[in-house]
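Keep in mind that the numbers below use all heavy atoms, side chains included, and drop hydrogens, waters and symmetry copies. Computed from a predicted model, the values in this text were never measured in an experiment.
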Amino acid sequence: LPFFLIVPIITGIMLARAYASMIESEFWKRQKNYEVKGVDESLLRKLYLQVAFGYTVFFVNLFFLVVSTLLQAYILRNIDARAGYFIASTIAAASVWLLAQKNEESRQRRIREIGR
């Protein structure tokens, strides 16, 4: 029983961190360095945040779904279904989290290159 609670909690934590990292990265990636006349700055920032949130939710959920489904259907099909579920969801969440970290590192590297 504790294993049934631990794996979803760990998966949820990894996905929450991936969401946070990706939303921040996408939000700052979409920030423009020029002024838009006739538009309230706070409204524009809210719209950028909504776009970043929508993109992140779609991309992270799609990636998690595809990776976990492929793992369960093709790679882990010969092991116990419960173990396959635990392994697939944990590996998929970890890969999404890693992808989010790489996205943030890439954004930081581009900022440093532009600053030179």
Side-chain angles (χ1 to χ4, degrees):
L1 182 64
F3 198 62
F4 286 104
L5 295 176
I6 292 171
V7 171
I9 289 171
I10 291 172
T11 301
I13 290 169
M14 284 190 274
L15 285 175
R17 290 184 179 177
Y19 283 131
S21 178
M22 286 284 286
I23 287 172
E24 182 180 3
S25 177
E26 287 300 317
F27 176 73
W28 289 112
K29 188 188 310 183
R30 295 179 190 287
Q31 290 295 313
K32 304 298 180 198
N33 294 328
Y34 55 86
E35 288 185 25
V36 179
K37 294 186 179 181
V39 178
D40 185 21
E41 187 68 28
S42 65
L43 178 63
L44 195 57
R45 288 178 66 84
K46 286 179 185 177
L47 290 175
Y48 284 144
L49 185 60
Q50 286 179 355
V51 169
F53 182 76
Y55 174 80
T56 299
V57 167
F58 173 76
F59 183 73
V60 168
N61 287 344
L62 180 69
F63 191 80
F64 179 80
L65 179 69
V66 167
V67 169
S68 64
T69 302
L70 289 176
L71 283 171
Q72 287 180 16
Y74 295 107
I75 297 173
L76 302 172
R77 67 174 179 240
N78 293 329
I79 64 173
D80 183 36
R82 290 175 296 198
Y85 166 72
F86 294 142
I87 293 169
S89 62
T90 305
I91 289 174
S95 63
V96 168
W97 187 24
L98 179 65
L99 183 68
Q101 294 300 321
K102 294 298 179 184
N103 188 21
E104 179 64 22
E105 289 173 9
S106 157
R107 186 185 70 81
Q108 292 291 337
R109 189 173 48 251
R110 276 184 269 152
I111 287 173
R112 282 192 302 270
E113 289 173 1
I114 290 172
R116 290 183 190 172

side-chain hydrogen bond (donor to acceptor under 3.5 Å, both in side chains) against Y85, all qualifying residues, sequence neighbours excluded: none
Please enumerate all residues that pass side-chain hydrogen bond (donor to acceptor under 3.5 Å, both in side chains) together with R45, with sequence neighbours excluded. none
So salt bridge (charged side-chain N to carboxylate O under 4.0 Å, His left out) across residues 52-78, not counting sequence neighbours, yields none
Per the salt bridge (charged side-chain N to carboxylate O under 4.0 Å, His left out) rule, what does the pair list look like for residues 93-102, sequence neighbours excluded? K102-E105
Once rounded to the nearest 0.5 Å, what's the spacing between atom [atom1] of [X] and atom [atom2] of [Y]?
X    : Y    : atom1 : atom2 : value
T11  : I91  : OG1   : CD1   : 10.5 Å
I111 : S106 : CD1   : OG    : 9.5 Å
I10  : F86  : CD1   : CZ    : 11.0 Å
F64  : L99  : CZ    : CG    : 13.5 Å
W28  : Q108 : CH2   : CD    : 11.0 Å

Name all residues meeting the ring pair (Phe, Tyr, Trp, His ring centres under 6.0 Å) criterion together with F53; count only those two or more places apart in sequence or in a different chain, and write none if there are none. none
Looking only at heavy atoms, what is the nearest atom pair of V96 and A18, with distance? CG1-CB, 3.6 Å
If every non-hydrogen atom of A88 is compared with every non-hydrogen atom of L76, which pair is closest and at what distance? N-CD1, 3.9 Å
In the hydrophobic clustering that connects Ile, Leu, Val, Met, Phe, Trp and Tyr at side-chain heavy-atom distances below 4.5 Å, which members other than I9 occupy its cluster, ordered by chain and number? I13
Test side chain to side chain contact (heavy atoms under 4.5 Å, CB included) applied to [X] - qualifying residues, sequence neighbours left out:
X   : value
S21 : A100, Q101, E104
L65 : T69
V66 : L62, L70
D80 : R82, A83

Salt bridge (Lys or Arg N to Asp or Glu O under 4.0 Å) partners of K46, counting only residues at least two apart: none
Heavy-atom distance under 4.5 Å between the side chains of V60 and L15, does that happen here? yes
Between V67 and I75, is there shared hydrophobic-cluster membership here, with clusters defined by ILVMFWY side-chain heavy atoms closer than 4.5 Å? yes
Answer with yes or no whether the hydrophobic clustering places V51 together with L44; edges join I, L, V, M, F, W, Y residues whose side-chain heavy atoms lie under 4.5 Å apart. no
Crowding at CZ, R17 (>12 non-hydrogen neighbours, <6.0 Å): no
